[in-house]
Asks: 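Provided herewith is a single structure, encoded as structure tokens, for subsequent inquiry.
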Amino acid sequence: ATVHVSDRDDLNITCSVGMHPSVSDDSDKNESKDVVVPMIWFTGSSDTTVPPNGVLKGFNADTIKPKIFAEIKGATHTSPIEMEATYIAQYFDCMIKNDQNACDYFWNKGSKNNICTGGMAMTTCTIDDGKNA
């Protein structure tokens, strides 16, 4: 549902978080490509309900930057509540409240303490801020 509303520019949404979003089997094949707000795309390496490759496909089709793809090592489809809630709150602090410490955690690719390197173990993690390097 998150990706479905993230492609609507009439809802006053500033950012969104897809928690293991299923987009590869939907009838709207452009929903990821049509996203209009920055997103985090969460998945888990042990998710067999919505496998990580489908979430990655949605992330790759999403043209809006900044964006993050985070595949949490060992997470299943039902893991989001206990594993991702803290990340989501901190992401909203960054994107909605402009909290610089929170923003550094998500967008400082060179930091040893960012979403990809300073929290739960990630199988794959990509920070795409739209800048080179």
Side-chain angles (χ1 to χ4, degrees):
T2 301
V3 180
H4 293 288
V5 298
S6 296
D7 65 1
R8 301 259 320 262
D9 58 8
D10 61 334
L11 296 177
N12 199 29
I13 297 172
T14 59
C15 61
S16 65
V17 178
M19 298 167 67
H20 305 239
S22 175
V23 294
S24 60
D25 62 351
D26 292 341
S27 60
D28 180 0
K29 298 301 181 193
N30 290 323
E31 68 185 330
S32 299
K33 184 181 71 149
D34 293 342
V35 165
V36 296
V37 295
M39 281 189 68
I40 293 181
W41 296 76
F42 277 116
T43 188
S45 64
S46 297
D47 189 339
T48 57
T49 305
V50 179
N53 61 340
V55 179
L56 181 59
K57 184 177 177 181
F59 170 82
N60 287 333
D62 174 4
T63 62
I64 297 297
K65 294 172 180 66
K67 63 181 180 176
I68 295 171
F69 175 80
E71 182 182 314
I72 300 170
K73 185 176 182 177
T76 67
H77 193 69
T78 57
S79 298
I81 297 302
E82 69 256 10
M83 298 183 87
E84 297 164 18
T86 303
Y87 288 113
I88 294 166
Q90 191 170 357
Y91 178 70
F92 288 155
D93 282 347
C94 168
M95 301 302 287
I96 297 168
K97 296 179 180 179
N98 293 315
D99 178 314
Q100 191 56 53
N101 287 329
C103 290
D104 284 346
Y105 185 74
F106 292 100
W107 308 119
N108 186 348
K109 291 190 269 188
S111 173
K112 291 183 181 181
N113 186 32
N114 65 38
I115 188 171
C116 295
T117 59
M120 289 184 282
M122 300 286 176
T123 309
T124 303
C125 189
T126 302
I127 298 170
D128 187 346
D129 59 5
K131 302 173 188 170
N132 293 332

Asks: Out of curiosity, Cys103 SG to Gln90 CD, how far, rounded to the nearest 0.5 Å?
Replies: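 Between atom SG of Cys103 and atom CD of Gln90 there are 9.5 Å.
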Asks: Is there side-chain contact between Pro38 and Tyr91, with heavy atoms separated by less than 4.5 Å?
Replies: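 The answer is yes, as the side chains (C-beta and beyond) meet within the 4.5 Å cut-off.
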Asks: Looking only at heavy atoms, which two atoms of Lys65 and Gly130 are closest? And how far apart?
Replies: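 Heavy atoms of Lys65 and Gly130 come nearest at CD-CA, 3.4 Å.
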Asks: For a quick test of reading the model, state the closest non-hydrogen atom pair linking Pro21 to Val55 and the distance between them.
Replies: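 Of all heavy-atom pairs spanning Pro21 and Val55, the closest is O-CG2, 3.5 Å.
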Asks: Does Lys97 qualify as a cation-pi partner of Phe92, given the criterion of NZ or CZ under 6.0 Å from the six-membered ring centre and within 45 degrees of its axis?
Replies: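 No, Lys97 and Phe92 do not form such a contact.
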Asks: Counting only heavy atoms from other residues, nucleotides and ligands, does the tally under 6.0 Å from CG of Asn12 exceed 12?
Replies: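 12 or below, so no.
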Asks: Using 0.5 Å steps for rounding, measure from the CH2 atom of Trp41 to the OG1 atom of Thr126.
Replies: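 So the gap between those two atoms works out to 13.0 Å.
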Asks: Given side chains that start at C-beta, do those of Asp62 and Met39 come closer than 4.5 Å, heavy atoms only?
Replies: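 The answer is yes; the side chains approach within 4.5 Å.
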Asks: Drop me the distance from Phe106's CZ to Met95's CE, to the nearest 0.5 angstrom.
Replies: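 Separation between the atoms: 9.5 Å.
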Asks: Output the distance between atom CD1 (Ile40) and atom SG (Cys94), rounded to the nearest 0.5 Å.
Replies: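 Between Ile40 CD1 and Cys94 SG, I get 8.5 Å after rounding to 0.5 Å.
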Asks: Using modelled atom types and a 3.5 Å cut-off, is there a donor and acceptor pairing between side-chain atoms of Ser45 and backbone atoms of Gly74?
Replies: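 Side chain of Ser45 to backbone of Gly74, a donor-acceptor pair under 3.5 Å: yes, one is there.
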Asks: Side-chain contact test, heavy atoms from C-beta onward, threshold under 4.5 Å: evaluate it for Phe42 versus Tyr87 and give yes or no.
Replies: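 The answer is yes, as the side chains (C-beta and beyond) meet within the 4.5 Å cut-off.
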Asks: Under 3.5 Å, sequence neighbours excluded: what are the donor-acceptor pairs made by side chains of residues 113-124?
Replies:
from: Asn114; atom 1: OD1; to: Cys116; atom 2: N; distance (Å): 2.8
from: Asn114; atom 1: OD1; to: Thr117; atom 2: N; distance (Å): 3.0
from: Asn114; atom 1: OD1; to: Thr117; atom 2: OG1; distance (Å): 3.1
from: Asn114; atom 1: ND2; to: Asn108; atom 2: O; distance (Å): 3.0
from: Asn114; atom 1: ND2; to: Lys109; atom 2: O; distance (Å): 3.4
from: Asn114; atom 1: ND2; to: Ser111; atom 2: O; distance (Å): 3.2
from: Thr117; atom 1: OG1; to: Ser111; atom 2: O; distance (Å): 3.3
from: Thr117; atom 1: OG1; to: Lys112; atom 2: O; distance (Å): 3.1
from: Thr117; atom 1: OG1; to: Asn114; atom 2: N; distance (Å): 3.3

Asks: Would you check if Met19 and Ile88 make a side-chain contact, meaning some heavy-atom pair closer than 4.5 Å?
Replies: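 Yes, at least one pair of side-chain atoms sits under 4.5 Å.
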Asks: Which value, rounded to the nearest 0.5 Å, describes the distance between Asp99 atom CG and Tyr105 atom OH?
Replies: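 So the CG of Asp99 and the OH of Tyr105 are separated by 13.5 Å.
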Asks: Kindly give the heavy-atom pair with the smallest separation between Thr76 and His20, and that separation in Å.
Replies: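 Where Thr76 meets His20 most closely, the heavy atoms are O-CE1, 3.2 Å.
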Asks: Could you state the interatomic distance from CG (Asp129) to NZ (Lys67), rounded to the nearest 0.5 Å?
Replies: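 One gets 11.5 Å once the value is rounded to the nearest 0.5 Å.
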Asks: Using side chain to side chain contact (heavy atoms under 4.5 Å, CB included), reason through Glu84 and Ile72 one step at a time and then give a plain yes or no.
Replies: CA-CA 9 Å; Glu84 297 164 18; Ile72 300 170; 3.6 Å; yes
